[in-house]
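Taking it in order: structure first as structure tokens, then the write-up.
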Amino acid sequence: MIVFPVKTQKENSAVSPLFGKAKYFAFFDGEKLDIEANPYNKGSMLIDWFLSKGIEELIIKEMGIKPFNKVKNTKIKVLYAGDDRVTINEVIEKYKNKSLKILNEEELLAIVKNHKGAKSHS
């Protein structure tokens with residue numbers, strides 16, 4: 001199963017650039033898509049939620065350092081949705097075509113640094 005942050009509960013919502021503060025998360029098991037409200041306001045707590053749901057892959061645009069530190073010690077692979085605006089259907093299509101890049105720790109850390117430098121989440 002995969003998961004990724006989305007902006008709304010609409011059928012083909014845009015993927016959210018936010019991670020921990022995303023309003024919703026889309027869960028896709030290869031056939032069925034479910035969108036659930038974010039029950040937390042912190043990215044690191046989301047990782048435990050994903051693990052309890054059997055998530056194997058997480059698709060992101062950006063991520064903060066705390067969820068990064070937590071996810072790197074799990075079996076969850078992190079894939080990159082890219083910088084451009086992308087919808088649920090586009091991400092699922094890219095996932096099925098195996099065209100989403102799996103991020104290594106160095107690449108993920110670069111995204112974390114850009115995330116931290118570009119936005120303030122105080």
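Because only heavy atoms are used, hydrogens play no part in the values below, and waters and symmetry mates are left out as well, while side chains stay in. Treat the numbers as computed from the prediction; the structure is a model and nothing was measured.
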Hits for salt bridge (Lys or Arg N to Asp or Glu O under 4.0 Å) against Glu31, two or more places apart or cross-chain, chain-then-number order -> none
Residues passing the salt bridge (Lys or Arg N to Asp or Glu O under 4.0 Å) test with Lys10, sequence neighbours excluded, are none
For Ser52, the side chain to side chain contact (heavy atoms under 4.5 Å, CB included) test, sequence neighbours excluded, returns Trp49
For Tyr24, the side chain to side chain donor-acceptor pair (under 3.5 Å) test, sequence neighbours excluded, returns none
Residues passing the salt bridge (Lys or Arg N to Asp or Glu O under 4.0 Å) test with Glu93, sequence neighbours excluded, are none
Sequence neighbours excluded, the answer for side chain to side chain contact (heavy atoms under 4.5 Å, CB included) partners of Ala110 is none
Sequence neighbours excluded, the answer for salt bridge (Lys or Arg N to Asp or Glu O under 4.0 Å) partners of Lys70 is Asp48
Contacts of Lys32 meeting side chain to side chain contact (heavy atoms under 4.5 Å, CB included) (sequence neighbours excluded), chain-then-number -> Asp29, Asp34
Residues passing the side chain to side chain donor-acceptor pair (under 3.5 Å) test with Glu56, sequence neighbours excluded, are none
With sequence neighbours left out, the residues meeting side chain to side chain donor-acceptor pair (under 3.5 Å) with Thr74 are none
Side chain to side chain donor-acceptor pair (under 3.5 Å) filter on Glu36, not counting sequence neighbours, yields Lys53
| Could you go step by step and tell me if Asn38 and Lys23 meet the side chain to side chain contact (heavy atoms under 4.5 Å, CB included) rule? | CA-CA 5 Å; Asn38 181 348; Lys23 298 285 184 202; 5.9 Å; no
So ring-ring contact (aromatic ring centres under 6.0 Å, His included) across residues 50-80, not counting sequence neighbours, yields Phe25-Phe50
